[in-house]
Number of protein chains: 2
Amino acid sequence: MPAIEDGPSVPAARERARAIPEAAVARLAVYLRVLSAMSEQGVSSVSSEELSAAAGVNSAKLRKDLSYIGSYGTRGVGYEVGVLVDQIERTLGLTRKHSVAVVGIGNLGHALANYGGFPGRGFPVTALFDVDPDLIGIPVGGIPVHHIDDITAVCAEREISIGVIATPPPAAQAVCDRLVQGGVECILNFAPVVLQVPDTVEVRKVDLAVELQVLSFHVARRADQAQVDAMADAREDGDRTGIDGMVVR
Amino acid sequence: MPAIEDGPSVPAARERARAIPEAAVARLAVYLRVLSAMSEQGVSSVSSEELSAAAGVNSAKLRKDLSYIGSYGTRGVGYEVGVLVDQIERTLGLTRKHSVAVVGIGNLGHALANYGGFPGRGFPVTALFDVDPDLIGIPVGGIPVHHIDDITAVCAEREISIGVIATPPPAAQAVCDRLVQGGVECILNFAPVVLQVPDTVEVRKVDLAVELQVLSFHVARRADQAQVDAMADAREDGDRTGIDGMVVR
DNA sequence: CGGACTTTGTGCATGCGTTCACAAATGGCT
DNA sequence: AGCCATTTGTGAACGCATGCACAAAGTCCG
């Protein structure tokens, strides 16, 4: 175990963080949840094979993902659940609490606010905002609702690090601008709008319509494939099938 | 023009669908929304440059994405908005309506049910399910709630093509199994659980906790980077900074 | 104590997706 | 009619992520 050794040690550990592929980060979060569940069930050790199966990924990929955060496994044995949980939490920055603000207390906003201390601890929702005068002042999920005009001030004051936008599309960009002005550098956007932000700000988008449309694409692809198959079959006995014939199986 | 020649002819048009990268499909959905908005504003023609800017992507990528669905642009001019909308809708399979079932009428389920005919038409929510006896029979967003024991029967009967899981984590797998048994081949999963499904079924996952944790990672990365910068500065005048010193700016 | 077995960590090849850069095509202008 | 400006469509290079396959490392058992 090296002493302090300055140069390489600390920055190396820090810069490694930059090298983790985005996709791997998302998977680490999944591993973390699985590991937490195991930990609660008293499992103390796990192999890459078991963990990867539980997380639904390839075991080699899992090991590579874990290697991004360091070598915490024991060859011939596996990983210690507790150690892995700690290391992943550290890598994901979950050792510090991140205050979350939710803007737009419609159906979705309600759902988010009531999550309370978000799934898998560590994300206290500490501020809510809306335009509707009827909502302001009334607590939702124990948290009072402020007017969106106060976003900038409140976010700056409470050092909000993550802003969640759950407003109707037309309001999203204006809300986003205020969040940014209030010092928020990470935004989770549920509004179906492409947000314009300075490149110091990180945006992640959850778009229901897109998700459904991607699924729709797969339904269509499947139907087409079934049709192609049917035509291949039909060709064998004379090709009697109409081009737009629908195949139900 | 080849006669039957097996492979190429009709299947070519169909197989193209299979060749569209998943990532491109998701972007097509975004383009579609932007285009619809333009169409409503009376814009009839658009260049790849304009459209890509509005969608927040590189113009070359946009053109390549559009090329996956065919050549519908005019060189020197651009694309006709209406044509593009039609073609994308066709590719995404939006010409047929896809009935959607939502399972789990908690906060999130409510939000989903009340979306009504989902953002950007074409996804009527036609069935709701929950376990809570108090909810059953009472309409939410105009749609009556059934018991989850009836999932299989109702889905089969109404030819539901997309199932949305918005239940607590422990219930998710069982619900999923019933949806699959009812003939649902596409599932949108909001529960933080890795679903096990036959590989004929397509699952897309929306995981709030993962999204937040990825953002958290970025916050941490940024803080670390600031720290590294600060240490580099400090080193110049003697390196007095403690290793775990936090840098607030 | 040594050998066999297990499991990690990773170099390498493969494949996919993104980006560049340019030829081909089209409309408008003189 | 011919040329120029513009913009598409795509071949090719690049880069990243995935998956394989194996050496290194460690445990367990006889």
Side-chain angles (χ1 to χ4, degrees), chain A residues 1 12-13 16-31 35 38 43-84 87-88 91 210 214 217 221, chain B residues 12-13 15-31 35 38 43-84 87-88 91 199 210 214 217:
Chain A
M1 187 143 302
R16 196 184 310 150
R18 208 188 332 177
I20 304 180
E22 182 93 357
V25 173
R27 285 192 298 268
L28 283 173
V30 175
Y31 306 152
L35 287 164
M38 286 177 171
V43 179
S44 65
S45 175
V46 67
S47 73
S48 65
E49 207 62 50
E50 296 170 298
L51 184 52
S52 67
V57 302
N58 180 297
S59 72
K61 194 188 323 200
L62 172 106
R63 288 198 298 276
K64 182 147 287 190
D65 288 344
L66 291 182
S67 79
Y68 290 130
I69 66 175
S71 295
Y72 299 106
T74 306
R75 296 175 188 224
V77 178
Y79 301 88
E80 224 177 302
V81 174
V83 173
L84 235 40
Q87 292 305 324
I88 295 179
T91 303
V210 169
V214 171
F217 169 78
R221 189 173 55 78
Chain B
E15 297 210 355
R16 197 186 306 150
R18 208 189 332 177
I20 303 180
E22 183 93 357
V25 173
R27 285 191 298 269
L28 282 172
V30 175
Y31 306 152
L35 287 164
M38 285 178 171
V43 178
S44 64
S45 176
V46 66
S47 73
S48 66
E49 207 62 51
E50 295 169 300
L51 184 52
S52 68
V57 302
N58 180 298
S59 72
K61 193 185 326 198
L62 173 106
R63 288 198 299 277
K64 180 142 287 190
D65 288 344
L66 291 182
S67 80
Y68 290 131
I69 64 174
S71 295
Y72 300 105
T74 307
R75 296 175 188 223
V77 178
Y79 301 88
E80 223 177 305
V81 174
V83 173
L84 236 40
Q87 291 305 324
I88 295 178
T91 302
D199 53 10
V210 169
V214 171
F217 169 78

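Just so we're on the same page: letters track the sequence lines, and every chain starts at 1. The analysis underlying the following values was restricted to heavy atoms, covering all of them including side chains, and did not include hydrogens, waters or symmetry mates.
Atom CZ in B:Arg63 sits about 12 Å away from atom P in C:dT19, given to the nearest Å. In this structure, the CG atom of B:Leu62 is 8 Å from the P atom of D:dT8, given to the nearest Å. For the pair B:Asn58 CG and C:dC20 C1', the interatomic distance rounds to 9 Å; values are reported in whole Å. We find that CG of B:Leu66 is positioned 10 Å from C1' of D:dT8, with the value rounded to whole Å. Rounded to whole angstrom, the span from the CD atom of A:Glu49 across to the C1' atom of D:dA21 amounts to 14 Å. In this entry the distance linking CD of B:Glu80 with C1' of D:dT8 reads 15 Å, nearest Å.
Between the CG atom of A:Leu84 and the CG atom of A:Leu35 there is a distance of 5.0 Å, given to the nearest 0.5 Å. To the nearest 0.5 Å, the span separating CD1 on A:Ile20 from CG on A:Asp65 amounts to 9.0 Å. Taken to the nearest 0.5 Å, the CZ atom of A:Arg63 stands 9.0 Å off from the OG atom of A:Ser47. Atom OH in B:Tyr79 sits 5.0 Å away from atom CG in B:Leu66 (nearest 0.5 Å). Within the model, atoms CD of B:Glu50 and OG of B:Ser45 stand 7.5 Å from one another, a figure rounded to the nearest 0.5 Å.
Between B:Ser48 and D:dT8, a side-chain N or O to OP1/OP2 separation shorter than 4.0 Å is present. One finds no side-chain N or O of A:Tyr79 lying less than 4.0 angstrom from the OP1 or OP2 phosphate oxygen of D:dG26.
Closest to the side chain of B:Arg75, out of D:dC20, C:dT26, C:dC20, is C:dT26.
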Open item on the list: What verdict does the side-chain contact (heavy atoms from CB on, under 4.5 Å) test give for B:Tyr31 and B:Val57, after you've listed the backbone C-alpha separation in whole Å, the side-chain angles of each residue and the deciding distance to 0.1 Å?
Closed with: CA-CA 10 Å; B:Tyr31 306 152; B:Val57 302; 3.7 Å; yes
Filtered N/O pairs between nucleotides 15-18 of chain C and protein, under 3.5 Å:
residue	atom	partner	partner atom	Å
C:dT18	OP1	B:Arg27	NH1	2.8
C:dT18	OP2	B:Arg27	NH2	3.0

